[in-house]
Amino acid sequence: MRLFAWRDEGGTRRLGALDGDSVAPLEADDAAWEVTAAAAGDAIGGSERRAVASLRPAPAVLPAKTVCIGLNYRDHLEEQHLPMPDRPTIFGKWPTAVVASGESVVRPEGCNALDAEVELGVVIGRRARR
């Protein structure tokens, strides 16, 4: 089952089961977005469909907390002519920093140091270890 998130006309994030080039909307708990395979199957079997091309994508995941490690690649430090720190820099990324495909990155008023880089987040759909 593949899921697709989008923003409805009011800006609310919605979730659906992706089926080809259409999406079958799901009724999901927005706090956890817990969806069972049975619920997705019921939605796909239902009559309501939305064409993916007509929807405004939304971030599929809005993490509560993301901890990042910076200054941890020697090549990058050398490119920037920075000394190797005693330990990597730790910083956070907030849920408001997450944008969906095609959304604009908004530069907040008063921001003088906007980094033009991408962070890759990976969601693992089951318990993982090591």
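These values consider heavy atoms only, across backbone and side chains, with no hydrogens, waters or symmetry-generated copies.
- Between Leu26 atom CG and Leu3 atom CG the span is 6.5 Å, to the nearest 0.5 Å.
- Contact check on Arg49 versus Asp19 returns a salt bridge, with a Lys/Arg side-chain nitrogen under 4.0 Å from an Asp/Glu carboxylate oxygen.
- Between Phe4 and Val52, the closest side-chain pair of non-hydrogen atoms falls below 4.5 Å.
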Residues 102-114 side chain polar contacts: donor-acceptor under 3.5 Å, at least two apart:
residue, atom, partner, partner atom, Å
Glu103, OE1, Ala100, N, 2.7
Glu103, OE2, Arg7, NE, 3.4
Arg107, NE, Cys111, O, 3.0
Arg107, NH2, Cys111, O, 2.8

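- The hydrophobic cluster containing Leu82 also includes Leu71, Leu77, Met84, under a criterion of side-chain heavy atoms closer than 4.5 Å among ILVMFWY residues, counted directly or through chains of members.
- Under a 4.5 Å side-chain heavy-atom criterion applied to ILVMFWY residues, the cluster that includes Ile90 comprises Val67, Ile69 as well.
- Partners of Arg56 according to the salt bridge (charged side-chain N to carboxylate O under 4.0 Å, His left out) rule, which considers only residues two or more places apart in sequence or in another chain, do not exist here.
- In this structure, CH2 in Trp6 is found 9.5 Å from OG in Ser54, a value given to the nearest 0.5 Å.
- Shown here are the side-chain contact (heavy atoms from CB on, under 4.5 Å) partners of Glu78, two or more places apart in sequence or in another chain: Arg74, Asp75.
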For Trp94 and Thr66, run side-chain contact (heavy atoms from CB on, under 4.5 Å): C-alpha distance rounded to whole Å, both residues' side-chain angles, the deciding distance at 0.1 Å, then the answer.
CA-CA 7 Å; Trp94 315 122; Thr66 301; over 6 Å; no

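- Ion pairing between a basic and an acidic side chain is recognised when a charged N comes within 4.0 Å of a carboxylate O; Glu9 and Arg50 show such pairing.
- Listed here is the closest heavy atom pair of Val98 and Pro59: CG1-CB, 3.5 Å.
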